[in-house]
Amino acid sequence: MRERVVVLGPPGAGKGTQCKLLAAARGLLHLSTGDLLRAEVTTKSTLGQQVKAVLDRGDLVSDNLVLAIVRNRLALHREGWLLDGFPRNSTQAAMLDDLLADLGQPLQVALQLQVHEEELVARLLIRGRSDDTEAVVRKRLQIYARQTEPINAHYQVRGLLKCVDGLGSVREVATRMANSLNECQQGEHAIC
Ligand code: B4P
């Protein structure tokens with residue numbers, strides 16, 4: 001059966017890097033809300049200009065806008081998917097539960113990539129996107145701690161949270177991610 005997976009973790013943990021590899025290896029849809037928002041920015045539409053201002057501040061874009069993006073894509077794609085960067089707060093987590101119940105596509109696992117703060121800051125400063133200045137990165141990490149990290153508990157109480165060590169080479173982390181998904185496919189309980 002094709003996997004239905006949420007990938008969680010702080011900014012710079014490597015969610016996008018790992019999701020690209022996993023999606024290619026397992027034939028899954030990779031749905032990155034960050035990439036979709038940045039694509040909107042490049043259209044230079046009015047909405048794109050509003051989104052750019054939010055991204056450059058390091059804030060989160062509105063829940064309804066992000067949900068609309070995710071709903072449209074998942075409704076068209078029932079085969080198996082990786083959600084990268086969504087949900088990012090408890091409202092989005094509840095919205096996703098409702099959406100998946102409507103679509104009849106239950107979540108199989110939430111993989112939580114774990115990386116300590118100094119490594120995150122170093123990686124993002126090297127990445128150097130327009131939202132990767134030190135001040136903006138620190139703000140995004142604060143928002144992560146306040147709004148996103150608490151949703152780990154949302155998945156943990158449902159027995160769906162599995163932690164993956166995000167330190168090491170991209171290849172080493174990819175092997176851990178793949179092993180974690182294989183364990184879930186074999187019916188092992190998700191643990192963190
Ligand atoms: P995202 O696009 O999701 O990006 P991210 O969290 O900053 O990075 P990610 O964890 O994917 O790290 P990456 O693989 O790139 O979010 C950007 C913004 O979009 C948010 O701040 C927010 O404003 C908005 N947004 C997105 N989703 C939203 C939502 N649901 N609701 C509201 N707003 C939303 O890796 C980082 C760097 O590390 C790369 O340079 C990579 O090459 C490097 N790297 C990766 N793995 C490594 C490894 N093992 N070792 C060394 N370097 C590594």
Side-chain angles (χ1 to χ4, degrees), residues 5-23 30-41 50-70 81-97 99-100 107 109-158 160-168 170 173-174 176-177 180 190-192:
V5 182
V6 161
V7 178
L8 300 168
K15 302 181 293 293
T17 304
Q18 294 300 328
C19 284
K20 280 188 194 80
L21 295 172
L22 270 181
H30 172 201
L31 206 92
S32 159
T33 45
D35 285 351
L36 292 167
L37 291 167
R38 283 185 290 278
E40 185 64 41
V41 171
Q50 290 164 359
V51 168
K52 181 174 179 359
V54 177
L55 297 188
D56 285 349
R57 284 199 309 270
D59 287 327
L60 296 183
V61 172
S62 89
D63 296 332
N64 286 330
L65 171 64
V66 177
L67 181 73
I69 291 174
V70 173
W81 36 258
L82 296 163
L83 287 184
D84 162 9
F86 180 87
R88 253 188 164 82
N89 58 33
S90 56
T91 305
Q92 292 183 12
M95 287 170 150
L96 180 62
D97 287 348
L99 173 61
L100 296 183
L107 183 70
V109 67
L111 295 180
Q112 153 76 11
L113 264 176
Q114 296 185 312
V115 176
H116 61 79
E117 180 160 336
E118 288 320 304
E119 170 74 10
L120 296 171
V121 174
R123 286 183 187 182
L124 292 175
L125 293 184
I126 291 170
R127 185 174 67 180
R129 241 169 31 198
S130 65
D131 57 343
D132 287 337
T133 62
E134 177 146 10
V136 172
V137 166
R138 296 271 178 206
K139 180 174 177 190
R140 287 164 55 204
L141 288 170
Q142 279 172 7
I143 292 177
Y144 172 80
R146 247 193 340 261
Q147 297 195 37
T148 310
E149 203 168 24
I151 64 175
N152 292 343
H154 179 92
Y155 293 110
Q156 191 159 32
V157 295
R158 290 162 175 76
L160 291 173
L161 187 71
K162 203 165 174 78
C163 289
V164 179
D165 180 359
L167 287 175
V170 168
V173 179
R176 288 181 208 131
M177 296 283 278
S180 294
I191 39 163
C192 226

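Being a predicted model, the structure only gives us computed values, none of them experimental. Sequence positions, counted from 1, serve as the residue numbers for this chain.
To the nearest 0.5 Å, the span separating CZ on R129 from CG on L55 amounts to 8.0 Å. With values rounded to the nearest 0.5 angstrom, K162 atom NZ is found 14.0 Å from L8 atom CG. Atoms CZ and CG, from R138 and L124 in turn, are 10.5 Å apart once rounded to the nearest 0.5 Å. From R127, atom CZ reaches atom OG1 of T17 across 8.0 Å, with rounding to the nearest 0.5 Å. To the nearest 0.5 angstrom, L67 atom CG is 9.5 Å from I69 atom CD1. Once rounded to the nearest 0.5 Å, the distance linking CG of L160 with CG of N152 reads 12.0 Å.
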task: Show the numbers, then the answer: is there a side chain to side chain contact (heavy atoms under 4.5 Å, CB included) between L36 and L31?
output: CA-CA 8 Å; L36 292 167; L31 206 92; 4.2 Å; yes

Stepwise side chain to side chain contact (heavy atoms under 4.5 Å, CB included) check, L60 with V66: CA-CA 10 Å; L60 296 183; V66 177; over 6 Å; no

message: Please determine whether side chain to side chain contact (heavy atoms under 4.5 Å, CB included) holds for the pair V170 and Q18, giving the CA-CA distance in whole Å, both sets of side-chain angles, and the decisive distance to 0.1 Å.
response: CA-CA 8 Å; V170 168; Q18 294 300 328; 3.8 Å; yes

message: Working note: F86 + L96, criterion side chain to side chain contact (heavy atoms under 4.5 Å, CB included); need CA distance, chi angles, decisive distance, verdict.
response: CA-CA 9 Å; F86 180 87; L96 180 62; 3.8 Å; yes

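For D56 against V136, the heavy-atom pair with the smallest separation is O-CG2, 3.5 Å. Smallest separation of non-hydrogen atoms from G16 and D84: CA-OD2, 3.2 Å. Taking all atoms of both residues into account, the shortest heavy-atom contact from N89 to Q92 is OD1-N, 2.7 Å. Among all heavy-atom pairs drawn from A23 and L82, the shortest one is N-CD1, 3.6 Å. Considering all non-hydrogen atoms of both residues, P87 and Y155 come closest at CG-OH, 3.4 Å. Between V115 and A13, the closest heavy-atom pair is CG2-O, 3.9 Å.
Donor-acceptor pairing under 3.5 Å is recorded for the side chains of D97 and H154.
For the pair V61/Q50, no side-chain contact is recorded, criterion being any heavy-atom separation below 4.5 Å from C-beta on. At a threshold of 4.5 Å between non-hydrogen side-chain atoms, the residues T33 and L83 do not count as touching. Looking at D165 and V173, their side chains never come closer than 4.5 Å, going by heavy atoms from C-beta outward. Contact annotation: the side chain of M177 approaches that of L113 to within less than 4.5 Å [non-hydrogen atoms, C-beta and beyond]. You'll find the side chain of L120 stays beyond 4.5 Å of the side chain of V137, heavy atoms only. Under the 4.5 Å side-chain criterion, counting only non-hydrogen atoms from C-beta, L22 is not in contact with H30.
In this structure, R123 contributes its side chain and G12 its backbone to a donor-acceptor pair below 3.5 Å. Remark: the backbone N or O of R88 is paired with a side-chain donor or acceptor of T148 at under 3.5 angstrom.
Taking a cutoff of 4.0 Å between a charged side-chain nitrogen and a carboxylate oxygen, R140 and D132 qualify as a salt bridge.
The neighbour count for K52 NZ, taken as heavy atoms of other residues, nucleotides or ligands under 6.0 Å away, does not exceed 12.
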